[in-house]
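Each ligand, and each atom within it, is numbered from 1 in the order the structure gives.
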Amino acid sequence: MGFLSKASKSMRQSNYLSLLRNFNFNPYINRITHQCSSVTSALFCSQSRQSSTREKSTIDLSEYPPELVRNFSIIAHVDHGKSTLADRLLELTGTIKKGHGQPQYLDKLQVERERGITVKAQTATMFYKHRKSGNDCDDEKELPNFLLNLIDTPGHVDFSYEVSRSLAACQGVLLVVDAAQGVQAQTVANFYLAFESNLTIVPVINKIDQPTADPDRVKAQLKSMFDLDPSDALLTSAKTGVGLEQVLPAVIERIPPPPGRSNSPLRMLLLDSYYDEYKGVICHVAVVDGVLYKGGKISFAATGQSYEALDIGIMHPELTPTGVLLTGQVGYVVSGMRSTKDARVGDTIYHTRSIVEPLPGFKPAKHMVFSGLYPADGSDFEALNHAIERLTCNDASVSITKETSTALGLGFRCGFLGLLHMDVFHQRLEQEYGAHVISTVPTVPYIFEYSDGSKLEVQNPASLPSNPKQRVMACWEPTVIATIIIPSEYMGPVITLVSERRGQQLEYSFIDSQRAFMKYRLPLREIVVDFYNVLKSITSGYASFDYEDSDYQQADLVKLDILLNGQPVDAMATIVHNMKAYRVGRELAEKLKKVIDRQMFEITIQAAIGSKIIARETISAMRKNVLAKCYGGDVTRKRKLLEKQKEGKKRMKRVGSVDIPQEAFNELLKNS
Ligand SMILES: Nc1nc2c(ncn2[C@@H]2O[C@H](COP(=O)(O)OP(=O)(O)OP(=O)(O)O)[C@@H](O)[C@H]2O)c(=O)[nH]1
């Protein structure tokens, strides 16, 4: 039995290799022998000796033809345990040591560790010996060894772009659902992402160790919402380890192998790229068709640039050179590229001089919010420029253009996928590059149609004329389709909140006897800032919320200016709905009064629409005690000193500029 399986394995390998050899478009074919097992290396040892570049890797990828490869992602709502489950699977397969002292191993960024969230999708290759049911082979070594690529994905809605990219490299997903919380908004969104990509979905009900866990209720939800068979659900606790032994066998048995053709010209999908100080740009790729060997000449379809594959390998879990990447495998390529701008995510990589049909790629990331970034100290502009350039090498989903503000000087207008993404970007700028920044109130991209018929996307309210009504014929605002899942008893307050935010109900139903599912169209500007916090607070933290972008709708918008001592502060201008402008203007003026420090002169804060002042607050001047040194004495002398002080203050009011702290912008953010 053992001998037979060994023989069939050798035959499978040699067949696979001869298939590759027979297909002679690739001049680097002989290099596969460096990774051959003892059996296969005997076949090609002569070529192996001729080659000048020897790989030292102990991993022989030629042992893993597509039928022994599985590519899968873990998807779930925030905090349902994806990263913890990924940790356990890495431990189970010996990819990382048990108790490696670093929970959520694949969350590598400092910001991910501090916030306990996943921001970037991460891949890890694992090897796993699988015993099929009915296989009673005694010798563990004789069991087929599978190569499993696990992609841990972020749960937060801002990073769903990362999820959809990761799914492009997979044939299946583990859909993790918290056994106590049940199906939540991002479970729904992620399910549909996987479903629309035709991926096999393996439901995993996690956290069954919790006292409030109710796996049967979750099974019923999976059936009623997604038509998933309850008996297919795996019950696990990533914390205690219960049920984990069923996960990888389910992955192997239920998820199909990658479908690519080994004997076709190379086509690789560029999944992600980042910049490494020592190696340059590292591209994460999925090999859709063909084979890539170290030293191969590759071209990028989008840029037409060609490079040499200087180093290739897999993430096991760190970069592990293998010298070859075969059909269906997910790995990395280092090609001496200097800037991630040349590695466009979703691009097709192919062998230079071969002719291939490019892969469909990905939709470009859509920027939902824009905000200005300025150095806290104006003279630090160059340092901030450098920091942003380096950070965008590792986060290509941010758009950057230079802009100037009369109040804050030279800076940048940045487009983000959402507010959390914006926050994470700021935190990374400060933590990883030591930059100190002032960020302006985020705004969504509006479209304005001017009287000359031109239509313009406005990403910065300051770029609008103060009285847009004079020239603007119509305005449109972006909307989203929002999914809200809540315990039924909170429906009343939630409906009130959503209608205050100008939402239109599209759908509602009940997931089970306790929970309601609601779908709304909402203006994006109404949800970007504080919607989720308010929703959480009125539902005692039980609401879950997700959104996807939708069409633009016409709206009655006005530009709201903030004036300090009569001067408009361009960085504080916002665009608001006409209906809310008075209330927002009043609240902004009140808030600013609380956060701007008193100065030696009086400060007036005004909110204005065009030339019309709609709110006004005054911060009185700090009064220096000019009489401190006048002990007793002449009253006329005291009066003279006070008069002199009054004169000085008048002058300061004219020439003085107001110091605006970052908190003032933060308050605007909360209020607008
Ligand atoms: N009781 C219990 N807690 C768990 C289990 N699995 C994960 N947790 C805890 O749940 C919290 C969230 O776990 P993560 O693995 O970070 O969740 P995630 O889905 O990766 O989160 P995001 O990446 O932010 O979407 C952590 O405090 C884990 O310790 C489990 O099986 N049982």
Residues forming a side-chain hydrogen bond (donor to acceptor under 3.5 Å, both in side chains) with T95, sequence neighbours excluded: T93
Ligand 1 and V78, any nitrogen or oxygen pair closer than 3.5 angstrom? no
Between K82 and ligand 1, does any nitrogen or oxygen pair lie at a separation below 3.5 Å? yes
Strictly below 4.0 Å, N to O, side chains only: are R390 and E277 in salt-bridge contact? yes
Among R525, R521, R502, find the one that has a salt bridge (Lys or Arg N to Asp or Glu O under 4.0 Å) with E477. R502
For atom 28 (C) of ligand 1, tell me which residue out of T84, T240, I208, L85 has the closest non-hydrogen atom. T84
side-chain contact (heavy atoms from CB on, under 4.5 Å) for M225 and I511? Distances and angles first, verdict last. CA-CA 7 Å; M225 295 205 64; I511 299 178; 3.6 Å; yes
H80, portion touching ligand 1 at heavy-atom distance under 4.0 Å: backbone
Please confirm whether the backbone N or O of T483 pairs with a side-chain atom of D546, one donor and one acceptor, at under 3.5 Å? no
Heavy-atom distance to atom 6 (N) of ligand 1: which of T236, V242, N206 wins? N206
Measuring centre to centre across the rings, with the benzene-like ring taken for any Trp, is F531 within less than 6.0 Å of F545? yes
Check each atom of ligand 1 against the heavy atoms of Q210 and keep those under 4.0 Å away; list them by number with element. 1 (N)
Under 3.5 Å: donor-acceptor pair, side chain of E526, backbone of P523: no
Pick one of side chain, backbone, both or neither for how D209 approaches ligand 1, counting any non-hydrogen atom pair under 4.0 Å. side chain
When you measure from atom 8 (N) of ligand 1 to each heavy atom in Q186, K239, K207, which option holds the nearest one? K207
Short list, please: which atoms of ligand 1 are under 4.0 Å from a heavy atom of G81? 7 (C), 13 (O), 14 (P), 15 (O), 17 (O), 18 (P), 19 (O)
